[in-house]
Each structure stands twice: as C-alpha cells, then as structure tokens.
Amino acid sequence: KIIVEQFIILTIRSSKRSIMSGNLSVLRRLGTTTKNSLAVIGLCGVVYSANELRGTFSIFDQTQTKSTSKTKKKVLVLPFHRIKIVEQKKTSFSTFLDKLSSGGEDKVMEVEIRELVDAIHAAAADPDIVALHGTFGQGFGFQCGGYGHIEEIRNAIRVFNESHRRHYEPKSYSAEERINHNDDDDDDDNCAKDTKKEMVEPVQKRSFAFADTFDNPADPGNKEYFLASAFSQIHMQPRGNMQLFGVSMSNIFLADALKRYGIKVHVFKHGMYKNAPNSLTERGYNRPHYENTKAILDSINQSVYSMISQSRNLPSAFGNNVWKHIHDYGTMTARNCKEIHLVDHLPKVNQLMDLIKMNSSKDVDEKKSQHLIEKHAELINKVPFEANEVLSLSSYMSTLQERHKRQRRRIQLYDKLTYAVKRSTAFEALLNLISCQAPYFYFDKKEVDMVLSKGTKDKVAVVYVSGPINDKLARRVTRALRQVKDDEHIKCIILRIDSPGGGVTASETILEECKDTGKPIVCSFANLAASGGYYISTSAEKIFSQQTTLTGSIGVFGVKIDAVEAAKRYGIEVSSISSGRHAQTYSLFHPLNDAMKMNLNRNMYRIYDYFKQLVSDGRNIPLQDVEEVAQGRVWTGVEAKDKRLVDDFGGLRKAISYACSKHASVAAEVETYPKPPPFKERLHILMNGNFTSKRISPTEFIEALMKSAASPPSVLLCMDESHVVEMSLAEFHDILGIDKDSML
C-alpha cells in the first residue's frame, strides 16, 4: 500500500515537471520508475501470498511434527489457588486497569468455564502433554460459581485421565480435535476393527493435585477437594488438614426485627415451597422450607460423595454410613486422609519442579539427578512422571486461540479454492500443473472429509444469561438474540443459563424473544437455573444440566411493604387522595385493603397458572403432573431429570456438540453473545464516565432508597431470599450508577 501511494505521488510530480519543462528525459525516467515500481509491487504481492499460503498450509504439517516429537513431554499446570472461574469475562475498562495493577505470579486469573474445559480437552488430545498438575494452595484462593462448574471441570479431567482409552462420554470435539477423532470409533464394532489395524498405542496420561491443606473454613462442603478428587493422584503436605463437614445452607429471618421497627410485610405467593419471602415473614424454618432445603442438601451431598468414591476407586463398603462418620468426626489430619485413601502421598513440598529437573538431564548433573530420584522414590515407584517441561495455562490457552484462528483461515482458503475451481477451468488447470488437484488441493484427505467440506459457513450461537433476571439483563439478552436472528448462518441457539430467576416481565421478554428468532433453542444449565431461569428455558427442544445444578422453583411471589406504623413513630403522617381503590397499592405509606389483597392474589394465580402451562407445553408433561413438580420447589439436576424437567446430564461442551450434530455441521463456528461493545462505544464510556469506585453520601443513599420504594415492585420468579437481595442491589446499581461491591 505504501509503495503504491509513493508511486502515485511520484507519477503526479514527474508529470507536472515533464509538462512544464517539455524535457523528454524526464518522461524516460518516469517510465523507468513506473516499471521498477510495478515490479516491486508484484514482488511484494507474490511474497505476501506465498507467506500466507505457507502459514496456512503448514498448520497440518506442524501438527504432524508435534505428534512425532519425543523429546518434549509437557505438564499443563492448572493454578486453581489463583483462578476465578466465571461464565463470561468482564470487558470494562476498570477490569483492564485492575489487571495492570495486580501484576506478579499471585494475581488472580479470570477464566471462563468454557475456556478451561476446552483447554483440558485439548490437552487430552495433545501428544506433547503427558500430565496435568493442579495446585490448590491453602484453599482460600479457589473461586467458582458453584458445584455445576466443578462438575464440568471434573468431567474434563476424567477425559484427560482416560484419553488412552476408547470411551463414549463426553463425545464433543472442536473442529481441530475432530481431525484426530472419528465419531464411529465410539461403536464397539468399529473398535474391534480398529484394533486389527497397525496403530501406535496411546500413552496413558497422569494427573496430579497438590494442596497445602484442604480445610477452608469458609467452605465446609470442601469444593476444593471435590475438584481435586478427579485427579488420579492427590498430594498434601504432612501438616495439612481436611474438613469434610458436609454441605450446608443458612438463612436470615427478619420478621421480629421488622416488627420492632413497625414495618409490616404482606406476601402474596403461589407455591407451598416458594420460600424466598420467608426471611421477611418468618422467625425460622417452617415445614415446607425445611423439607425442601434438607432435600437439596441431601441430594447434593449424595452426588458429591458418590462422584468422589467413583473417581477415587473407593471400596463399596465406603457408603453413606462411612461418609456420615467422616462428617461427624471433624477435622482430619493428612495421615488420617491417607489411611482411608482420600489422598495418595504426603510430600513436604510440591514435587513438580524437582521431577521436571530430574527428567531434564541437560539441566541436572548425574549426581544431583540421582539425589532427586532417591528423594522422590516413593512417588516415582508408584506412578511414573515423564514430563520434562512446564506449560502454563495462560500460554496454552493463547496457543489454542492462535491455532483456532489458523484453522478458520484454513477453512476459508479451502472454500475459496473450491469456489474458484468451480467457476474457472483455467484456474483448475493451473492448480493441476503444481500438483494441487481438487477436491483435496494441498490439504490432508482426512481433514477435508471430516472438517473442511462440512458446510463451513454454519454457526452456533451461545447466548449467556447470567445473574438475576432484571430489566437490564433482559435488554442485553434481547439485543443479543436479535443479532442472532438476523444472521442467517446461525443454525441453532444455545441458552447458557446461570441464574436464580428474577422479574416476571423481564423473564417473559427473554422467552418471547427466543421464540421470535425462529431458530431451535438448546439450553445448558450451569450452577443455577431456577424460577425465572427455568421460565426462559421452557421453549427449548433439549435441556442439559449437571447433577448438582439447582433448578425448578416453578412458582411466583410478590411483596407489599407497609411502613405506616414506622412513619408514625417518627412523627410522619402521610395522607393521600385517590380516584380508585387500587391507586395506593404499591405505596409504602398506605395500609393494604381487601380490594388490593384480592387483586394481588388474582395476579399471583394468573402468573402461576401461565408458568405451569409453559412447562406443560414445552416439556410435554400433563398439566396435572406439572403441579406435582411445581409449588415453587427447588430440585437438583438428579431430581429434575427424574421429574422430566431436564433431558440429560452434561455441560456447555455437550450442548454445543448436540447443536452441531443436530442442526449445523461438525465444523460450525461457535460464537458467544452478548458481545462486548465496540471499541468506539467503550471509548465513549471511558471519556464520559467514571471507571473508579464511586462513593455515595448518606443523603444520596436515602434518596435512592425512597426512589426505589416509591416505584411499583416487580412480581418475582426468584429461588431464595439471598438472590432477591442480589437483585435489589442490581436495581440500586442502576439508580446510583455504582457497582454492587461499592454498595455493600
């Protein structure tokens, strides 16, 4: 581009000079300059094209070279003690500044659950990676959304551990992985045929977890150990402890406190187990609240410990009674844990770097190598460790992103070559001269048959619905769904839901927008998909959840607060004149009359009946059976599958695999929504807004409180009171323009 611009400028200047002077020699120089410039432009074009072709065609060759490399054996390190697992990364400028300010090795990495799971699956198929190493530190730094996230990571680690075997679950590959996997390989007949062929036996890969201790006081259920138990080897320091106290839930009840200050709370709900407003009206657990909470805890507890028993290969005698004794025993020492096979080895320090040095003969002399072998003889004799190089998670994810980009360029090039050959016989003849015949050109035959020729313009959209469903979230999701609707290449939509619910209107807006797209909907439940979160999934053709996902809560409630008595205590009298009996329904300073009660109850019944009808139609369940699973009751994924509220167990990866196989192609591109705002919009926000934490005065807070109280409350589809509070904080965020952390 620069050469062309300089050539044009030189041409104009030379033309002016030649016209003014009439000198023939100037025109000769102009012709020479033109010829040389065009030659340089042509050369640059050839070099650029050759470089692009070389970079594109070399991808498969690089893969083959890597697979034959025997000297590089890497261990992928997963630093769980400084990882924050999220559904979607934040893209605000303040987040960018936080990343710059929190440097060093101890900074917390924000990783999307899909990124982490895909990285572990890619490592399972990567011949250079022979081991996985998870570090948990002291257990205080591990952050995740809930048990659903841990289940997805555990399943990925299990695939890594069993990558040397042929297995069925989960059958979900990226475009690159499909080149090395054949769906037919999962059938027993094909497996038998394949064993007769000459093939290199895959090497068994190992996974290791190391923790200083597993006794995080903030997590009695011990999510860290639940995740660590998926690794084939668990190591803990000799002075470490383990706390497996069981899963617990806590609730705050404010009935007496509100009564003391003269505040009356009127609750209108439908669903015996709709327990969210109980914190405002009860002094403790009532029978339905206790029954539902206890059932949730028992189901999660059972799922967690059955998965631990399976991954640790514990004997059948290690049943519910043994786990009950472990709960009641209290804190266990590292030696206790080793005796009952909950951990495998008790090294004083993390052995990873010593083992790497021992296997890297060029870095360690023979005497020191022998010392390391003797030092770690117990582990080496039990489990071989072959890795000689450490690979960080961040660098590996960057490599995967670059590999994906090159793969997409490769697909685009194949499409262009195929199109050109169909349109021009001369171009086809030219390719034949350089031994690049259609339909494979220079590509590998297996890659063309399995990926490149499978309709590469197809797309699958993953739309995230994360957090309480309020008007703000509804606007973001609606905007994303409209973008998806307008893209004709998107063949299927996956709603990735991690939400406890929210307002009825906001939930209905998302549901109707999903229907309006005219595209098939597949749902993937993360940690939570309850009440409003389940409401928006009722039009889906298939729903995937984890065993520990909390879902259901098919019910509705509304709250009317009466602060008349509280105002009188401070000498405040509020009078009003209305033209109708319902005009003061949502006023803080007007008592509730019979007409208002009747109207609010009628609204609750109407919304509840409509919710049940949605479930009946969407899940193909008779209406009378829906009533049995409704009543506002929360179910775990295991229970929900038995009640036909979900279809299958699996994470986002399995949902994507289903969508690609059913509605798109194996090479379909996966796009995520809502997309971050364009750079121009973010720059505008930066120039006009304040990206630092905003401090508010008491006066501003009271004004916002009164503004919120004066507005009519939404009818809520929420799972429990903690999420009602979270939703309220989100509303304050909109009013005050501050984040929830600053609010707290």
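Quick note: residue numbers are just sequence positions, from 1.
Judged by distance alone, with hydrogens and angles left aside, the side-chain atoms of H663 form no donor-acceptor pair with the main-chain N or O of A659 at under 3.5 Å. Side chain of T478 to backbone of A474: a donor-acceptor contact under 3.5 angstrom is found. In this structure a side-chain-to-backbone donor-acceptor pair under 3.5 Å is present from N527 to G148. Side chain of S537 to main chain of Y534: a donor-acceptor pair is present (N/O by atom type, distance under 3.5 Å, no hydrogens or angles). Remark: the backbone N or O of A230 is paired with a side-chain donor or acceptor of N161 at under 3.5 angstrom. Remark: the backbone N or O of V629 is paired with a side-chain donor or acceptor of W635 at under 3.5 angstrom. Side-chain atoms of T509 come within 3.5 Å of backbone N or O of T505 as a donor-acceptor pair.
Pairing each heavy atom of A123 with each of K205, the nearest pair is O-NZ, 2.7 Å. The nearest pair of heavy atoms linking S531 to F611 is O-CZ, 3.6 Å. Taking each heavy atom of D647 and I543 in turn, the nearest pair found is OD2-N, 2.7 Å. Taking both residues in full, the closest heavy atoms of G532 and S507 are given as CA-OG, 3.7 Å, listed atom of the first, atom of the second, then distance. Heavy atoms only, all atoms of each residue included: I510 and L481 are closest at O-CD1, 4.1 Å. When all heavy atoms are compared, the tightest approach of A529 to T551 is O-OG1, 2.7 Å.
Taking the side chain as every heavy atom from C-beta outward, L393 and V77 never approach each other to under 4.5 Å. Taking 4.5 Å as the limit, every side-chain heavy atom of R653 sits out of range of all side-chain heavy atoms of R114. For the pair T548/T636, no side-chain contact is recorded, criterion being any heavy-atom separation below 4.5 Å from C-beta on. The side-chain heavy atoms of V108 and I83, taken from C-beta on, include no pair separated by under 4.5 Å. Between I497 and Y464, every side-chain heavy-atom pair lies at or beyond the 4.5 Å cut-off.
A side-chain donor-acceptor contact under 3.5 Å links S392 and S395. Checking Y535 against E508 by side-chain atom types alone, a donor-acceptor pair falls below 3.5 Å. In summary, the side chains of D617 and Q613 do present a donor paired with an acceptor at a separation below 3.5 Å, with no hydrogens or angles considered. For the residue pair H404/E669, the side-chain donor-acceptor check at 3.5 Å is satisfied.
Distance check: T549 OG1 to Y147 OH gives 13.0 Å after rounding to the nearest 0.5 Å. Taking CD of Q546 as the start and CD of E151 as the end, the distance is 4.5 Å to the nearest 0.5 Å. Atom CD1 of I157 is separated from atom OG of S207 by 6.5 Å, given to the nearest 0.5 angstrom. I469 CD1 to S499 OG: the interatomic distance, rounded to the nearest 0.5 Å, is 3.5 Å. To the nearest 0.5 Å, the span separating NZ on K84 from NZ on K107 amounts to 15.0 Å. The CD1 atom of I120 sits 12.5 Å away from the OG atom of S163 when rounded to the nearest 0.5 Å.
Residue pairs satisfying the salt bridge (charged side-chain N to carboxylate O under 4.0 Å, His left out) criterion with at least one member in residues 494-506, sequence neighbours excluded, are listed as follows: E87-R496, E152-R496.
Both tests hold for K675 against Y673: distance to the six-membered ring centre under 6.0 Å, angle to the ring axis within 45°. Seen from the ring of Y610, K612 does not count as a face-on cation partner, given the 6.0 Å and 45° thresholds.
Contact check on K89 versus E110 returns no salt bridge, with no Lys/Arg side-chain nitrogen under 4.0 Å from an Asp/Glu carboxylate oxygen. Checked for salt-bridge contact, E512 and K515 meet the test: a charged N lies under 4.0 Å from a carboxylate O. Under the 4.0 Å criterion applied to side-chain N and carboxylate O atoms, K662 and E541 are assigned as salt-bridge partners.
The number of heavy atoms from other shown groups lying within 6.0 Å of CZ (R644) is above 12. For E402, the CD atom counts as densely surrounded, since its 6.0 Å shell holds more than 12 non-hydrogen atoms of other residues, nucleotides or ligands. Dense packing is recorded around CG of D486, with more than 12 heavy atoms of other residues, nucleotides or ligands lying under 6.0 Å away. The number of heavy-atom neighbours closer than 6.0 Å to NZ of K643, taken from other residues, nucleotides and ligands shown, is 12 or below.
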Discussion item. Would I493 and V522 count as a side-chain contact (heavy atoms from CB on, under 4.5 Å) here? Give the steps.
Written reply: CA-CA 6 Å; I493 300 171; V522 175; over 6 Å; no

Worksheet item: Yes or no on side-chain contact (heavy atoms from CB on, under 4.5 Å) for Y396 and D126, after CA distance, side-chain angles and deciding distance?
Response: CA-CA 11 Å; Y396 190 57; D126 193 331; 3.3 Å; yes

Worksheet item: D471 and R475: salt bridge (charged side-chain N to carboxylate O under 4.0 Å, His left out), yes or no, with the steps?
Response: CA-CA 6 Å; D471 292 339; R475 287 194 299 270; 5.3 Å; no

Discussion item. Walk me through whether T517 and R482 qualify under side-chain contact (heavy atoms from CB on, under 4.5 Å).
Written reply: CA-CA 7 Å; T517 60; R482 288 172 183 170; over 6 Å; no

Discussion item. Using side-chain contact (heavy atoms from CB on, under 4.5 Å), reason through I113 and L652 one step at a time and then give a plain yes or no.
Written reply: CA-CA 9 Å; I113 181 66; L652 178 57; 5.6 Å; no

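Annotation: salt bridge (charged side-chain N to carboxylate O under 4.0 Å, His left out) contacts of D648 (sequence neighbours excluded): K654.
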